[in-house]
Visitor: 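Got a structure here, written out as structure tokens. Questions coming.
Remember, predicted model here, so these are calculated numbers, not experimental data. In the text below, chain A, chain B and the rest are named by the order of the sequence lines, each starting its count at 1.
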Amino acid sequence: MTVATGLAVATEGLTKRFRSGQLAVDGIDLRVPHGAVYGFLGPNGSGKTTTIRMLLGLLRPTAGTASLLGQPMPQGAALALPRVGALVEGPAFHPYLSGWHNLMRLDAADRTARASAAEDRVRGALDRVGLAAAAGKRYRHYSLGMRQRLGIAAALLRPRELLVLDEPTNGLDPQGTREVRGLLVELAGAGTTVVLSSHLLSEVEQVCTHVGVMHRGRLVAQDTLAGLHARGASRAVVGTPRPAVAAAVLDRLGLADVVVHPPGATAELGDHAPQDVVAALVHADVPVTEFRVSGAGLEDLFVSLTGEGFDVNG
Amino acid sequence: MSTADVALAPGPDEAAALPEPGRAPGAFGRFFRSELWLIFGRRRNWAGGLVLASVPLLIAVVVKVSGSGGGDTFVFAEITHNGLFVALAALTVELPFFLPIAVSAIAGDAVAGEANLGTLRYLLVTPVDRARLVLVKLGGITLFTLAATVLIAVVGAAAGLALFGGGTFTTLSGTSLGFAAGLGRLALVCGYLTLCLTGLGAVGLFISTLTEQPIGAGITLLALTVVSQILDQLSQVAAIHPYLPTHFWLDYAEVLRDPLDVGALGPGAASALAYVAIFTAAAWARFSTADVSA
Ligand SMILES: Nc1ncnc2c1ncn2[C@@H]1O[C@H](COP(=O)(O)OP(=O)(O)OP(=O)(O)O)[C@@H](O)[C@H]1O
Ligand SMILES: [Mg+2]
């Protein structure tokens with residue numbers, strides 16, 4: 001067992017096989033550094049929620065280990081979890097209690113929370129997610145987005161070192177989505193580590209520093225956002241009546257995978273700046289009719305990693 | 001520690017305010033009170049209370065209107081002499097079924113209800129220690145059971161005293177007791193029945209850890225109660241009678257003898273405590289390692 005220290009979340013060969021025989025998570029090694037905003041991506045049924053449940057000690061792994069803020073889980077739950085705010089598979093509250101009383105209930109359950117400041121904590125959390133005006137309403141009368149906000153408020157009841165949020169913007173309106181994104185950026189700016197699951201790449205791309213991609217229970221990619229962008233390998237596409245010459249220039253510049261593709265040529269851009277490529281082409285007297293950078297990386301990479309199919313992988 | 005209590009304030013000093021996982025004073029009591037709020041703040045449970053409370057009223061009114069105590073049993077016959085017997089009569093008729101329904105509803109809900117709503121996972125990641133949760137749930141069941149029996153007794157006593165007054169309190173032994181002594185006997189009956197029903201509630205708590213369906217758990221417990229009472233009637237299985245959860249319930253009548261022999265309640269109390277101990281432990285053993293996937 002070599003659970004790395006210095007990581008907010010680390011797993012080694014984490015595996016969950018349900019009693020039904022379903023292998024939901026298959027030997028994954030998560031590495032979430034302190035201070036990272038980690039986008040945990042994957043299509044429906046790829047094992048994100050199951051992984052999160054194991055991280056939080058709700059499910060026992062079939063094999064492998066998980067550590068949260070340096071504590072082995074589930075054994076270290078009492079030490080680690082008070083410093084962790086979580087939203088797992090959507091919000092869940094007592095329908096006949098108000099938002100206020102639901103949060104008071106969770107606050108009362110926290111043995112590390114002093115009673116004297118309970119109302120301040122609940123008020124502060126409701127304010128943060130814009131629910132102050134609906135605090136007295138019964139949860140059963142909350143809209144989908146209000147419920148989601150209350151779930152996020154529960155995760156923010158105490159200042160946290162780590163937030164684990166399973167699809168936090170599910171059901172939110174565009175303003176709500178933007179607010180939550182802003183909230184995460186603000187929290188991350190203050191040093192909070194965030195693990196954010198989603199099946200939408202575009203959603204996490206704007207806030208994440210790190211990305212892990214799940215597919216059929218396996219972690220098929222894990223990198224910094226920049227690293228993943230590089231792997232996304234955007235291509236330079238040159239339109240010219242002299243494709244062979246253009247290809248030679250691209251080759252000379254050191255671009256990989258040069259392809260003559262009349263009327264033009266393409267190559268992997270790698271870490272070359274597009275303007276340098278254009279300058280070199282012009283310098284070599286290649287008549288450039290078009291230049292663009294295509295396949296803007298991540299989306300294509302994501303699709304290539306997880307497949308195009310619409311059907312979930314049961 | 002105290003820094004953990006400042007209100008959420010976004011900003012760079014956030015890191016300094018991180019909670020240390022130390023224990024706040026009075027934390028268990030606070031969690032327990034929130035559990036009671038959950039039980040007693042719920043409209044469904046008040047509706048159940050209304051049903052329980054209507055039985056003594058019904059008895060009092062029917063006996064008053066018919067103008068005769070009568071009835072086949074001792075407690076019913078005594079109603080016209082002392083109104084406290086309305087309470088005893090109501091407890092007697094509600095004991096086989098109505099009170100077990102109430103206990104089943106609450107006990108079945110205990111863990112399965114939270115699992116069904118999904119609130120269980122949020123309690124556990126708060127985190128709530130699983131043993132602590134089982135104890136808080138058992139405490140909630142116990143207090144609800146106490147409230148249910150006391151409700152019946154208080155409504156019965158109030159209605160009975162209003163309609164029939166607090167005259168001679170005759171014991172099963174034929175002697176008479178003063179009003180205060182009679183009230184004491186009624187309180188003792190309530191305490192004993194609370195203990196018996198809590199034993200049943202502990203079984204329900206265990207069942208509640210096996211499923212995510214609170215209604216299913218409640219109905220299972222109710223069915224067990226009925227089966228236990230049926231088996232208790234069959235002399236062919238007399239050997240197992242002392243182990244049935246309902247076997248000693250009617251011993252509360254011993255309280256109505258003179259002189260009072262509290263020891264007569266011993267076997268029932270021991271049985272109920274054994275049920276509480278065994279099934280609370282079983283609930284903990286099952287729940288402490290259970291996967292929470294709801
Ligand atoms: N309790 C369970 N018993 C059996 N199989 C389960 C259980 N929970 C989840 N699964 C299966 O495990 C797989 C992964 O599910 P999981 O909920 O982790 O996916 P996910 O990545 O969170 O998907 P989504 O994006 O739809 O939320 C699915 O095939 C699911 O059917
Ligand atoms: Mg999920």
Side-chain angles (χ1 to χ4, degrees), chain A residues 18-19 50 53 56-60 77-97 101-102 104-118 120-121 123-125 127-128 151 154 156-161 164 183 186-187 189-192, chain B residues 1-35 37-38 41-45 113-130 132-133 136 288-294:
Chain A
F18 284 108
R19 260 187 304 187
T50 305
R53 282 182 188 275
L56 296 171
L58 293 171
L59 293 181
R60 283 175 181 262
L79 290 175
L81 290 181
R83 297 137 83 187
V84 178
L87 183 69
V88 192
E89 191 126 277
F93 294 95
H94 295 279
Y96 47 91
L97 295 185
H101 283 299
N102 266 302
M104 284 302 260
R105 157 80 171 165
L106 282 178
D107 192 81
D110 185 349
R111 73 197 302 188
T112 67
R114 277 172 187 270
S116 52
D120 290 341
R121 280 191 296 271
R123 198 175 300 116
D127 272 345
R128 266 193 148 177
L156 297 177
L157 262 179
R158 317 279 307 270
R160 312 285 193 185
E161 279 173 59
V164 180
L183 193 62
E186 176 192 313
L187 289 162
T192 308
Chain B
M1 271 296 294
S2 60
T3 50
D5 286 333
V6 299
L8 275 170
D13 56 352
E14 189 129 40
L18 291 171
E20 282 174 33
R23 195 174 173 168
F28 188 86
R30 191 165 162 240
F31 185 31
F32 187 54
R33 282 194 302 281
S34 96
E35 182 67 27
W37 166 250
L38 222 53
R42 190 167 174 185
R43 223 182 296 173
R44 181 197 81 175
N45 296 343
E114 302 257 19
N116 190 259
L117 289 174
T119 46
L120 183 59
R121 63 176 181 268
Y122 287 106
L123 284 179
L124 294 181
V125 303
T126 291
V128 173
D129 179 71
R130 296 188 185 206
R132 188 165 150 249
L133 186 63
V136 162
S288 62
T289 57
D291 274 354
V292 175
S293 58

Visitor: Heavy atoms only: give me the nearest A:P95-B:L117 pair and the separation to one decimal.
Guide: CD-CD2, 3.7 Å

Visitor: Name the region of B:L38, side chain, backbone, both or neither, that has any atom closer than 4.5 Å to a heavy atom of chain A.
Guide: both

Visitor: Taking every heavy-atom pair that is under 4.5 Å apart, which of A:V88, A:L106, A:D127 has the most such pairs with chain B?
Guide: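 Looking at each of A:V88, A:L106, A:D127 in turn, A:V88 comes out on top.
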
Visitor: Look only at the side chain of A:R53 and the backbone of B:V292, and say whether a donor-acceptor pair between them is shorter than 3.5 Å.
Guide: yes

Visitor: Can you tell which part of A:L97 gets under 4.5 Å to a heavy atom of chain B, answering side chain, backbone, both or neither?
Guide: side chain

Visitor: Does B:S293 form a side chain to side chain donor-acceptor pair (under 3.5 Å) with B:D291? I'd like the steps, not just the answer.
Guide: CA-CA 6 Å; B:S293 58; B:D291 274 354; over 6 Å; no

Visitor: Relative to chain B, which segment of A:A77 carries a heavy atom at a distance below 4.5 Å: side chain, backbone, both, or neither?
Guide: backbone

Visitor: Against chain B, label A:R111 side chain, backbone, both or neither, depending on which of its atoms sit under 4.5 Å from a heavy atom there.
Guide: both

Visitor: According to side-chain hydrogen bond (donor to acceptor under 3.5 Å, both in side chains), does anything in residues 114-123 of chain B pair up with another residue at least two apart or in another chain? List the pairs.
Guide: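 side-chain hydrogen bond (donor to acceptor under 3.5 Å, both in side chains) check on residues 114-123 of chain B returns A:H94-B:E114, A:R105-B:E114, B:E114-B:T119, B:E114-B:K137.
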
Visitor: Rounded to the nearest 0.5 Å, what separates atom OG1 in A:T112 from atom CZ in A:R114?
Guide: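 Nearest 0.5 Å value for the OG1-CZ distance: 10.5 Å.
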
Visitor: Find the one option among A:A92, A:G85, A:G90 whose heavy-atom pairs under 4.5 Å with chain B are most numerous.
Guide: A:A92

Visitor: Among B:L120, B:T289, B:V128, which residue has the highest count of heavy-atom pairs closer than 4.5 Å to chain A?
Guide: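 That would be B:T289.
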
Visitor: At a heavy-atom separation under 4.5 Å, does A:L87 approach chain B through its side chain, its backbone, both, or neither?
Guide: both

Visitor: In Å, rounded to the nearest 0.5 Å, how long is the span from CD of A:E161 to CG of A:L187?
Guide: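 Rounded to the nearest 0.5 Å, the CD-CG separation comes to 13.0 Å.
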
Visitor: Checking heavy atoms, do the side chain of B:R132, its backbone, both or neither come under 4.5 Å from chain A?
Guide: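 Contact with chain A: side chain only.
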
Visitor: Please list, chain by chain and in numerical order, all residues satisfying side-chain contact (heavy atoms from CB on, under 4.5 Å) with B:R30, sequence neighbours excluded.
Guide: A:D107, A:A108, A:A113, A:A115, A:A118, A:R121, B:R33

Visitor: Find the one option among A:E89, A:R19, A:R123, A:H101 whose heavy-atom pairs under 4.5 Å with chain B are most numerous.
Guide: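 When all of A:E89, A:R19, A:R123, A:H101 are compared, A:H101 has the most.
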
